[in-house]
Amino acid sequence: MEVVKDLDVERYMGRWYEIASLPSRFQPRNGADTRATYTLNPDGTVHVLNETWSGGKRGYIKGTAYKVDPKSNEAKLKVRFYVPPFLPIIPVTGDYWILYIDWDYQHALIGQPTRRYLWHNLPYDLDDDCINELSSICSQILCRQPRLDEETYSQLVEKAEAEGYFASKLYKTPHSDTPPEDAPKDTKGISWFKSILRK
């Protein structure tokens with residue numbers, strides 16, 4: 001699988017909006033305005049903040065991304081989160097491979113090596129339904145803006161399909177005309193439980 005080489009990490013930092021993805025069991029079904037913010041840490045790792053809005057409340061999770069092989073010029077990273085968000089004690093590690101990025105660092109295609117699992121190192125047993133959902137996750141389309149023109153979107157979908165992903169199942173993430181800057185936090189983790197139960 002081809003991945004981006006010689007990624008300019010500093011240029012990649014900042015906010016990215018999720019344009020489309022195959023949502024997992026661990027995301028709210030009605031999530032909107034989903035975005036990720038990346039910040040370079042002093043040790044060369046990347047602080048990850050993933051946010052989504054559901055029912056007027058902001059859900060979020062924080063993690064750390066790092067290169068699989070520090071000596072490689074390939075954009076193959078691991079991302080480690082701790083779940084559940086309201087009591088982060090269980091480490092969950094996933095692959096984050098940058099398959100494509102435009103010359104101006106305005107839109108990107110994210111995938112993972114197996115084409116089956118996004119989170120491949122879950123430290124506990126999952127039921128069959130959850131495994132099936134996770135196995136269908138293929139890729140994510142990101143953009144610096146909450147909107148992406150259809151021509152560019154189609155090109156990114158074609159790139160995903162060329163790599164063997166089931167890109168036809170991608171779900172377009174809805175975004176508000178004015179992206180939210182803040183909202184009440186889901187401090188009790190209710191939305192996380194609802195996402196597990198698919199409610």
(message) To the closest 0.5 Å, what do you measure between CE (Met1) and CD (Gln112)?
(response) 6.5 Å
(request) For residues Lys172 and Ile19, determine if any side-chain heavy atom of one lies less than 4.5 Å from a side-chain heavy atom of the other. (result) no
(request) Taking the side chain as every heavy atom from C-beta outward, state whether Thr152 and His107 have any atom pair closer than 4.5 Å. (result) yes
(message) So, using salt bridge (Lys or Arg N to Asp or Glu O under 4.0 Å) as the criterion, who are the partners of Arg144 when residues are at least two apart?
(response) none
(message) Looking at Lys67, is its backbone amide N or carbonyl O close enough to the side chain of Lys78 to form a donor-acceptor pair, meaning the two atoms are under 3.5 Å apart?
(response) no
(request) Could you walk me through whether Val9 and Leu40 pass side chain to side chain contact (heavy atoms under 4.5 Å, CB included), step by step? (result) CA-CA 8 Å; Val9 177; Leu40 192 61; 3.9 Å; yes
(request) Ignoring hydrogens and angles, tell me if any N or O in the side chain of His175 forms a donor-acceptor pair with the backbone of Glu18 under 3.5 Å. (result) yes
(request) Just do the side chain to side chain contact (heavy atoms under 4.5 Å, CB included) check on Tyr66 and Leu77 with the steps written out, would you? (result) CA-CA 5 Å; Tyr66 53 93; Leu77 295 90; over 6 Å; no
(message) Distance check, rounded to the nearest 0.5 Å: Glu51 atom CD versus Trp53 atom CH2?
(response) 4.5 Å
(message) Side chains of Tyr38 and Arg15 only: does a donor on one sit below 3.5 Å from an acceptor on the other?
(response) no
(message) Let me confirm one number: the OG-CD1 distance from Ser21 to Ile141, rounded to the nearest 0.5 Å.
(response) 9.5 Å
(message) In the structure I gave you, are the side-chain heavy atoms of Tyr105 and Glu10 within less than 4.5 Å of one another anywhere?
(response) no
(message) Minimum heavy-atom separation for Arg35 and Pro180, please, with both atom names.
(response) NH1-O, 2.7 Å
(request) Hey, could you give me the CG/OH distance between Leu109 and Tyr100, rounded to the nearest 0.5 Å? (result) 9.5 Å
(message) To check you understand the geometry: which heavy-atom pair defines the closest contact between Trp97 and Pro113, and what is its length?
(response) CH2-CB, 3.3 Å
(message) Using only atom types and a distance under 3.5 Å, with no angle test, would you say the side chain of Asn50 pairs donor to acceptor with the backbone of Ile61?
(response) no
(message) With a 4.5 Å cut-off on side-chain heavy atoms, are Val3 and Ile98 touching?
(response) no
(request) Over all heavy atoms of both residues, which pair between Tyr17 and Pro146 is shortest? Give the atoms and the distance, please. (result) CD1-N, 3.6 Å
(message) Measuring from atom CD1 of Ile110 to atom CG of Leu99, what distance do you get when rounded to the nearest 0.5 angstrom?
(response) 7.0 Å
(request) Locate the shortest heavy-atom distance separating Leu148 from Cys143; write the atom from each residue and the value. (result) CD1-SG, 3.9 Å
(message) Suppose we screen for salt bridge (Lys or Arg N to Asp or Glu O under 4.0 Å). Which residues come up paired with Asp69, at least two apart in sequence or across chains?
(response) none
(message) Checking Gln155 against Val157 for the side chain to side chain contact (heavy atoms under 4.5 Å, CB included) test, could you report, in this order, the C-alpha distance in whole Å, the side-chain angles of both residues, the deciding distance, and whether it holds?
(response) CA-CA 5 Å; Gln155 291 172 354; Val157 169; over 6 Å; no
(request) Report yes or no: is the cationic atom of Lys76 (NZ for Lys, CZ for Arg) under 6.0 Å from the centre of the six-membered ring of Tyr96, at an angle within 45° of the ring normal? (result) no
(request) Without swapping roles, check the side chain of Thr45 against the backbone of Asn41 for a donor-acceptor pair under 3.5 Å. (result) no
(message) Test of understanding: with salt bridge (Lys or Arg N to Asp or Glu O under 4.0 Å), list the residues that count as partners of Glu2, not counting sequence neighbours.
(response) Lys5
(request) Indicate yes or no for a side-chain donor-acceptor contact from Glu158 to the backbone of Leu156 under 3.5 Å, with no hydrogens or angles considered. (result) no
(request) Could you grab the distance from atom OG1 of Thr37 to atom NE2 of His47, nearest 0.5 Å is fine? (result) 9.5 Å
(request) Please step through side chain to side chain contact (heavy atoms under 4.5 Å, CB included) for the pair Ile101 and Tyr12, ending with a clear verdict. (result) CA-CA 9 Å; Ile101 191 165; Tyr12 194 75; 3.5 Å; yes
(request) Could you state whether Val48 and Val68 fall into the same hydrophobic cluster, counting links through intermediate Ile, Leu, Val, Met, Phe, Trp or Tyr residues with side-chain heavy atoms under 4.5 angstrom apart? (result) no
